[in-house]
Amino acid sequence: MRNDGTVTLTVPAKAEFVDIIRLTLYGIAAKMKFSFEEIEDMKVAVSEACNNAVLHAYDHSQPGQIEVSFTIMNEDRLQIAVSDYGVSFEQVSDRTTSTLHGKSIDEIQSGGLGLYLMQALMDEVEIRSNQGTSVILTKRRLAQETV
Amino acid sequence: MRNDGTVTLTVPAKAEFVDIIRLTLYGIAAKMKFSFEEIEDMKVAVSEACNNAVLHAYDHSQPGQIEVSFTIMNEDRLQIAVSDYGVSFEQVSDRTTSTLHGKSIDEIQSGGLGLYLMQALMDEVEIRSNQGTSVILTKRRLAQETV
Amino acid sequence: MQNEKLTFQTENLDGLTVVRIAGELDLEVASQMRSVMEPLVELSDRKLVLNLRDLKYIDSTGIGILISIVKARHSRNAPFGVEEVPLTIQKLFDMTGITPFLAASPNA
Amino acid sequence: MQNEKLTFQTENLDGLTVVRIAGELDLEVASQMRSVMEPLVELSDRKLVLNLRDLKYIDSTGIGILISIVKARHSRNAPFGVEEVPLTIQKLFDMTGITPFLAASPNA
Ligand SMILES: Nc1ncnc2c1ncn2[C@@H]1O[C@H](COP(=O)(O)OP(=O)(O)O)[C@@H](O)[C@H]1O
Ligand SMILES: Nc1ncnc2c1ncn2[C@@H]1O[C@H](COP(=O)(O)OP(=O)(O)O)[C@@H](O)[C@H]1O
């Protein structure tokens, strides 16, 4: 697939739609001939961004939407923007991501791994906060296409 | 999945994006517990509508977009609207669909089966022509959910 | 290539060419299908059979290509047919009415 | 149900409960996972093992649930671990640093 377009998927900001997003991502990335492992990486990173939109962006009484746009930048570079129109991320630049490494069992906590995983699994992560949040994830295909 | 939303997918009106639409359709219909056969029916019908948007709606030099919206009407009824913003379908109401049944080998021709298949495979087909074309396809799940 | 959407495997037997088509036959790969089939369709001294066992998807685009092959073979007086048609695809062949044109002549 | 996204199969052996989780463990099924695991986590006289062989997907939601189980079992002084972890999932465990907390104590 060449750099000829953007696919946009809009779903209700509910947990039950996140696997539909993963499936669409799979379809696009497989056509771009990303490797199995690269696709798994992207699935997790994109789901983390979507989970955050489901959990943190909207009031539970009034769920909004998640817009995911997939842009084929080059034949080997995919940019995925996950946007919500909810409350903004505060002080995004100050946020530090942390893992469980080097912690004791009493120090570890569930939660707070999402941003870390996005950064670890993608080549670039950019967060724009304005009216809502956009998380822009980019991955370059390393596996060579065998023609 | 309950009747709580619409999923919208927008892709360039090019043949290479139609299988992405099929995959997203599959994900939604499988979650709604449509049967394998019902999903195959919908895949073909939706692809026919998309193929028409690719082939007939836009100038080849200036391809536009296809917007597909999936609305979960009830837990067992899915409506799929395939819209383009290209040239309109002329005299849609006059159009008759025909198959190869009863024809000789010299009479049969390739082409013209798309609308027939949509009607045969879906419960309802509505065509709206205004600025561009919207083909609205509805399918009800027959297979019972076993809870 | 394993990642390809539609793949072809041609087997030349005595007076018979069998082409196994695997994958999805849709608008995206229609011209690929036409280019692969064209030279085979022209060999009118051989019987031509498409084995569809591993075909996962077809729509009116693919059925249209089959109709063109039926007509081209008929005009050459050369036998053509399909075999091992999956159920979901047979249903579409029956609906559109192409089925009787796809039966390879039994004595060929 | 075959169509379910996440399924559980529990096997009670001598002093050991093994739960096989199959499918996708994400936000949609997080509460289902918590409800199934809760009573098992409380059985502190038995060793608890999750078999992940057929787990196809996990993200930070699922890893968060595993962390809660690790902590709940630790506070009960009860052994917990995972086994047959698929490679793609092991990679996420290693990245997040949860791996050392998931090794069932060897003498249990
Ligand atoms: N889309 C969003 N809208 C508003 N706040 C967000 C959004 N995404 C993330 N955040 C904030 O950033 C924090 C860190 O996110 P993350 O690392 O994914 O961990 P977690 O979601 O488990 O807290 C969240 O707790 C939340 O406060
Ligand atoms: N989206 C569309 N925009 C404009 N015209 C259309 C559209 N869809 C269908 N048509 C018209 O309706 C005709 C019949 O469509 P169809 O039954 O699918 O057969 P085919 O596409 O093979 O001609 C097309 O040839 C075209 O003229």
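Naming convention: chains lettered A, B, ... in sequence-line order (proteins, then strands); numbering from 1 in each chain.
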*For D41(A), is it the side chain, the backbone, both or neither that has a heavy atom under 4.5 Å from a heavy atom of chain D?*
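Side chain only.
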
*Please flag which part of K43(A) lies under 4.5 Å from any non-hydrogen atom of chain D: side chain, backbone, both or neither.*
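Both parts, backbone and side chain.
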
Counting C-beta onward and ignoring hydrogens, is there a side-chain heavy-atom pair between [X] and [Y] closer than 4.5 Å?
| X | Y | answer |
| --- | --- | --- |
| V18(A) | L27(D) | no |
| D26(D) | R22(A) | yes |
| M95(D) | L113(A) | no |
| I98(D) | T99(A) | no |

Within 6.0 angstrom of [X] [atom1], more than 12 heavy atoms from elsewhere:
| X | atom1 | value |
| --- | --- | --- |
| E107(A) | CD | yes |
| E126(A) | CD | yes |
| L13(D) | CG | yes |
| E83(D) | CD | yes |
| R76(D) | CZ | yes |
| E42(D) | CD | yes |
| Q90(D) | CD | yes |
| Y26(A) | OH | no |

*asked:* Could you check whether N51(A) and T61(D), counting side-chain N and O atoms only, form a donor-acceptor pair closer than 3.5 Å?
replied: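 Present: a donor and an acceptor within the cut-off.
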
*Just checking, any donor-acceptor pair under 3.5 angstrom between side chains of S47(A) and Y57(D)?*
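Short answer, yes.
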
Report the distance from atom [atom1] of [X] to atom [atom2] of [Y], rounding to the nearest 0.5 Å.
| X | Y | atom1 | atom2 | value |
| --- | --- | --- | --- | --- |
| L115(A) | S60(D) | CG | OG | 9.5 Å |
| S68(D) | Q109(A) | OG | CD | 9.5 Å |
| L117(A) | I63(D) | CG | CD1 | 5.5 Å |

Heavy-atom distances under 4.5 Å only: say whether [X] touches chain A with side chain, backbone, both or neither.
| X | value |
| --- | --- |
| D59(D) | both |
| T88(D) | side chain |
| L66(D) | neither |

*Main-chain N/O of D106(A) paired with H74(D) side-chain donor or acceptor, under 3.5 Å*: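 Looks like no, no N/O pair under 3.5 Å.
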
_K71(D) (side chain) donor-acceptor with I108(A) (main chain) under 3.5 angstrom_ =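 Checking the backbone N and O of I108(A) against the side chain of K71(D), a donor-acceptor pair under 3.5 Å is found.
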
*N-O pairing of K91(D) and E40(A) below 4.0 Å*: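 E40(A) and K91(D): not salt-bridged.
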
*When you check the gap from the basic side-chain N to the acidic O, do K14(A) and E28(D) get nearer than 4.0 Å?*
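No salt bridge links K14(A) with E28(D).
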
*Non-hydrogen atoms of V44(A) and I58(D) that approach each other most closely*: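 V44(A) and I58(D) have their closest heavy atoms at CG2-O, 3.7 Å.
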
